[in-house]
Amino acid sequence: MVPLNAIRAFVLAARSLSFTDAATQLSVTQGAVSQQVARLEGYLGVRLFERAGRRLTLTAQGRRLYIAVASSVERIDSTAAVARANRFPQRLAVATLSSFAAKWLVPRLPRFHDLHPAVRLQVQCGAEAVPLLDSDIDAAIRFGTGRWPGLQTQRLFGEGLFAVTTPAYAAELDLSAGPEVLKSLPLY
């Protein structure tokens, strides 16, 4: 059987006349492309490239093979890309804080996927607010007032704050007066 991975590596190397460029496109090493081409040459029993140092040229057999298979490989790639795109016809990119994603969003993702299996969800986490108007992010979950010019906002929920202290420090304070006592204390 014809080694199809070797054919693909050959087509990319022949198109650019570079094993390095082909390796970059395939996300493999230059050596891996060279091995695939050598495997194909061994299978066919002909040399496909003339190698002169770092310079590659196609042999007559290499040119014939490239002409015969390049368009087929391109058709296979484009057909596969269409099939893959149809797998997830909808995409939703959401940006949020890493802490919020870990504690609230990620635990809810399986249910979201169950309800919306055709949506390919991409979550971008970070400490900085992503500028939505200049990115490919569709929505963001942010902490703040909800006043961001040019964006439509919807409040999800409020946040509760409470003071925390050690029992020893609480004993030093007169907390019987209520939370007003805390106003004069330093925040750490």
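We count residues from 1, following the sequence as given.
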K.L.:
Given side chain to side chain contact (heavy atoms under 4.5 Å, CB included), test Phe112 with Arg108 step by step and report yes or no.
P.N.:
CA-CA 6 Å; Phe112 177 86; Arg108 289 163 173 80; over 6 Å; no
K.L.:
Nearest 0.5 Å please: distance from the SG atom of Cys125 over to the CG atom of Leu105.
P.N.:
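Reported value, rounded in 0.5 Å steps: 7.5 Å.
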K.L.:
In Å and rounded to the nearest 0.5 Å, what is the CD to CZ distance from Glu74 to Arg15?
P.N.:
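Interatomic distance, Glu74 CD to Arg15 CZ, rounded to 0.5 Å: 4.5 Å.
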K.L.:
Measure across Ala13 and Ala22 and return the closest heavy-atom pair with its distance rounded to 0.1 Å.
P.N.:
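Closest pair (atom of Ala13, atom of Ala22, distance): N-CB, 3.6 Å.
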K.L.:
Could you list all the salt bridge (Lys or Arg N to Asp or Glu O under 4.0 Å) pairs where at least one residue sits in residues 35-46, not counting sequence neighbours?
P.N.:
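Salt bridge (Lys or Arg N to Asp or Glu O under 4.0 Å) check on residues 35-46 returns Glu41-Arg51.
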K.L.:
Test of understanding: clusters of I, L, V, M, F, W, Y form through side-chain heavy atoms closer than 4.5 Å, transitively. Do Val119 and Leu115 belong to the same one?
P.N.:
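Cluster IDs for Val119 and Leu115 differ.
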K.L.:
Sort and list the pairs that fulfil salt bridge (Lys or Arg N to Asp or Glu O under 4.0 Å) and have at least one residue in residues 139-152, not counting sequence neighbours.
P.N.:
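Every candidate salt bridge (Lys or Arg N to Asp or Glu O under 4.0 Å) pair involving residues 139-152 fails, so no pair, neighbours aside, qualifies.
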K.L.:
I need the Leu12 CG to Thr24 OG1 distance, nearest 0.5 Å.
P.N.:
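It comes to 10.5 Å.
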K.L.:
Once salt bridge (charged side-chain N to carboxylate O under 4.0 Å, His left out) is applied, do any residues pair with Asp114, and if so which ones, sequence neighbours excluded?
P.N.:
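Applying salt bridge (charged side-chain N to carboxylate O under 4.0 Å, His left out) to Asp114 gives none.
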K.L.:
Would you please name every residue forming a side-chain contact (heavy atoms from CB on, under 4.5 Å) with Ser16, sequence neighbours left out?
P.N.:
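Result, side-chain contact (heavy atoms from CB on, under 4.5 Å) vs Ser16: Ser18, Asp21.
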K.L.:
Going by the rule side-chain contact (heavy atoms from CB on, under 4.5 Å), which residues pair with Ala70 if we only count those two or more places apart in sequence or in a different chain?
P.N.:
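With neighbours one apart ignored, the set is Val11, Tyr66.
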K.L.:
Restricting to side-chain hydrogen bond (donor to acceptor under 3.5 Å, both in side chains), what partner residues turn up for Arg63, sequence neighbours left out?
P.N.:
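side-chain hydrogen bond (donor to acceptor under 3.5 Å, both in side chains) list for Arg63, sorted by chain: empty.
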K.L.:
Tell me whether Val123 shares a hydrophobic cluster with Ile141, the cluster being built from Ile, Leu, Val, Met, Phe, Trp, Tyr side chains joined at under 4.5 Å.
P.N.:
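Yes, Val123 connects to Ile141 through the hydrophobic network.
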K.L.:
Please evaluate residues Asp77 and Arg8 with respect to the criterion side chain to side chain contact (heavy atoms under 4.5 Å, CB included), reporting the C-alpha separation (whole Å), side-chain torsions for both, the decisive distance (0.1 Å), and the verdict.
P.N.:
CA-CA 10 Å; Asp77 284 345; Arg8 188 155 197 262; 3.1 Å; yes
K.L.:
Donor-acceptor pair, Ser34 side chain versus Gln30 backbone, under 3.5 Å?
P.N.:
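Here the side-chain-to-backbone pair does not exist.
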K.L.:
Considering all heavy atoms of both residues, which atom of Ala14 and which atom of Leu58 are nearest to each other, and what is their separation?
P.N.:
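Result for this residue pair: CB-CD2, 3.8 Å.
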K.L.:
Please name the pair of heavy atoms, one in Leu17 and one in Thr57, separated by the smallest distance, quoted to 0.1 Å.
P.N.:
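The answer is CD2-CA, 4.2 Å.
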K.L.:
Once side-chain contact (heavy atoms from CB on, under 4.5 Å) is applied, do any residues pair with Gln61, and if so which ones, sequence neighbours excluded?
P.N.:
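Applying side-chain contact (heavy atoms from CB on, under 4.5 Å) to Gln61 gives Val46, Thr59, Arg64.
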K.L.:
Please enumerate all residues that pass ring pair (Phe, Tyr, Trp, His ring centres under 6.0 Å) together with Tyr43, with sequence neighbours excluded.
P.N.:
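Counting only residues at least two positions away or on another chain, Tyr43 forms no ring pair (Phe, Tyr, Trp, His ring centres under 6.0 Å).
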K.L.:
Can you list everything that forms a side-chain hydrogen bond (donor to acceptor under 3.5 Å, both in side chains) with Glu50? Sequence neighbours excluded, please.
P.N.:
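Glu50 satisfies side-chain hydrogen bond (donor to acceptor under 3.5 Å, both in side chains) with Arg47 once adjacent residues are dropped.
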K.L.:
Short question: side chain of Thr96, backbone of Ala101 - any donor-acceptor pair under 3.5 Å?
P.N.:
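Answer holds: no.
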K.L.:
Between Ile76 and Leu4, is any pair of side-chain heavy atoms under 4.5 Å apart?
P.N.:
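Contact flag for Ile76/Leu4 side chains = no.
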K.L.:
Got a sec, which residues hit side-chain contact (heavy atoms from CB on, under 4.5 Å) with Ala9, two or more places apart in sequence or on another chain?
P.N.:
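Listed in chain order: Leu26, Val33, Gln36.
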K.L.:
Which residues pass the ring pair (Phe, Tyr, Trp, His ring centres under 6.0 Å) test with Phe157, sequence neighbours left out?
P.N.:
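Trp104.
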K.L.:
With Gln124, which residues qualify under side-chain hydrogen bond (donor to acceptor under 3.5 Å, both in side chains), at least two apart?
P.N.:
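Not a single residue meets the side-chain hydrogen bond (donor to acceptor under 3.5 Å, both in side chains) criterion with Gln124.
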K.L.:
Compute the ring centroids of Phe143 and Phe100, then answer whether they are less than 6.0 Å apart.
P.N.:
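Ring centroids of Phe143 and Phe100 are no less than 6.0 Å from each other.
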K.L.:
Would a single hydrophobic cluster contain both Leu121 and Leu156, if residues Ile, Leu, Val, Met, Phe, Trp and Tyr are joined by side-chain heavy-atom contacts under 4.5 Å?
P.N.:
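Yes, it is one cluster - the side chains of Leu156 and Leu121 are joined through contacts under 4.5 Å.
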